[in-house]
Amino acid sequence: MDDQPTLQPTLDEHLAGQAAVGAVIASLARAAIELAELIAAGPLMGITGRAGGINAGGDRQTDIDIAADRLMCAALRDAPVAAVLSEESELPELLDQNAPLCVAIDPLDGSANLDNNISIGTIFSIRPRGRDVLSSFFEPGIAQCAAGCFIYGPQTTLVLALDGSVDIFILDRPAGAFVLIRRSVRIPSDTPEFAVNASNRRHWNGAVRSYIDECLLGASGGRGEDFNMRWIGSLVAETFRILVRGGVFLYPADARPGYHEGRLRLLYEAHPIALIMEWAGGTASTGRNRILDLSARTPHQRVPLIMGSQRAVREIDVLHEGFELRFESSDAPLFARRGLFR
Ligand code: F6P
Ligand code: MN
């Protein structure tokens with residue numbers, strides 16, 4: 001009779017019945033709406049994008065990083081959170097020690113891309129508080145009960161891993177609310193597409209080099225098909241693409257000084273993104289270990305991250321079995337071929 005669009009639930013409706021986890025996500029979403037406005041207006045709201053200093057992990061910190069950190073941490077102080085670990089602070093901050101959850105957060109990932117008007121985002125990881133609040137952060141990634149990322153791009157979106165499923169929401173700006181647009185996303189399993197910063201090829205280990213070299217050979221190589229390549233340089237945007245299009249993303253360890261454990265951070269980048277991947281039917285690995293099985297030793301620990309469609313990630317894992325790890329000097333190859341392959 002009428003052709004009214006089907007009403008999709010808002011994030012608040014979706015979170016009904018989720019108690020503490022729902023309250024944390026709703027609070028972060030309110031902060032993300034404010035941050036999206038600030039990012040969209042940029043210089044019109046006094047955002048210069050200029051560096052203000054160096055953060056705890058040694059990355060350049062801009063005025064928008066500082067604003068994002070302030071907004072997200074304020075949102076978490078209003079939520080049932082016992083402690084928060086932010087990329088921008090050296091140590092976790094204790095909030096309400098009796099609250100049931102701990103949150104690790106990258107308030108604004110890829111902020112250097114803002115200058116180029118490329119999508120950036122907020123990544124968060126939520127886990128139950130253990131008896132000792134701070135040691136909760138050092139439990140393996142499977143301890144997470146929810147994770148997600150907000151992406152400030154052409155659309156402001158939320159990718160949410162909750163209750164074993166991954167759902168995508170889009171910000172309805174006039175309504176000031178996130179609305180569900182895709183439920184239970186499944187990563188396509190056979191997309192011949194890879195994402196890697198290929199300028200680092202000479203520093204990679206043999207396994208990563210073999211895989212990418214084969215992809216580049218296309219239909220004439222061992223994989224028997226032509227591959228496409230993408231590199232946005234923005235983890236949240238790459239994650240979104242993998243969710244909707246499939247393929248594989250690699251930020252491997254490499255031989256450059258400071259990259260022996262990769263670039264990305266375990267607690268607020270790799271763990272939450274790995275949960276998203278697994279709950280959407282994909283996987284995430286270091287090449288040797290499942291990311292969700294790893295525990296951090298230090299708050300800002302880095303880790304190699306290989307994620308996406310199961311088949312591609314498994315193939316890269318198998319290639320790693322043929323290479324042994326070696327850290328001889330900063331400019332020597334990181335891996336050498338093992339026995340049989342020599
Ligand atoms: O962690 C920051 C980040 O910008 C990620 O979003 C992205 O995947 C990566 O760094 C890009 O690194 P590079 O500039 O070395 O390619
Ligand atoms: Mn980051």
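What you are looking at is a predicted structure, and each value in this text was computed from that prediction instead of being measured. Note that ligands are numbered from 1 as they come in the structure, with each ligand's atoms numbered from 1 the same way.
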Are [X] and [Y] within salt-bridge range, i.e. N to O under 4.0 Å?
{"X": "Arg173", "Y": "Glu37", "value": "yes"}
{"X": "Arg311", "Y": "Glu315", "value": "yes"}
{"X": "Glu139", "Y": "Arg127", "value": "no"}

With a 4.0 angstrom cut-off on heavy atoms, strictly below it, pick out the residues next to ligand 1 and order them by chain and number. Asp109, Gly110, Asn197, Trp231, Gly233, Ser234, Leu235, Tyr251, Arg263, Leu264, Glu269
Shortest non-hydrogen separation from Val166 to Ile276 and the atoms involved: CG2-O, 3.4 Å
Counting no waters, what protein N/O/S atoms lie under 2.8 Å from the Mn ion (ligand 2)? Asp106 OD2, Asp109 OD1, Glu269 OE2
Would you say that more than 12 heavy atoms from the other residues, nucleotides or ligands in this model lie under 6.0 Å from the [atom1] of [X], or not?
{"X": "Asn116", "atom1": "CG", "value": "yes"}
{"X": "Arg70", "atom1": "CZ", "value": "no"}
{"X": "Glu90", "atom1": "CD", "value": "no"}

Quick check, are the ring centers of Trp231 and Phe194 under 6.0 angstrom apart? no
Do Tyr268 and Ser86 have a side chain donor and acceptor closer than 3.5 Å? no
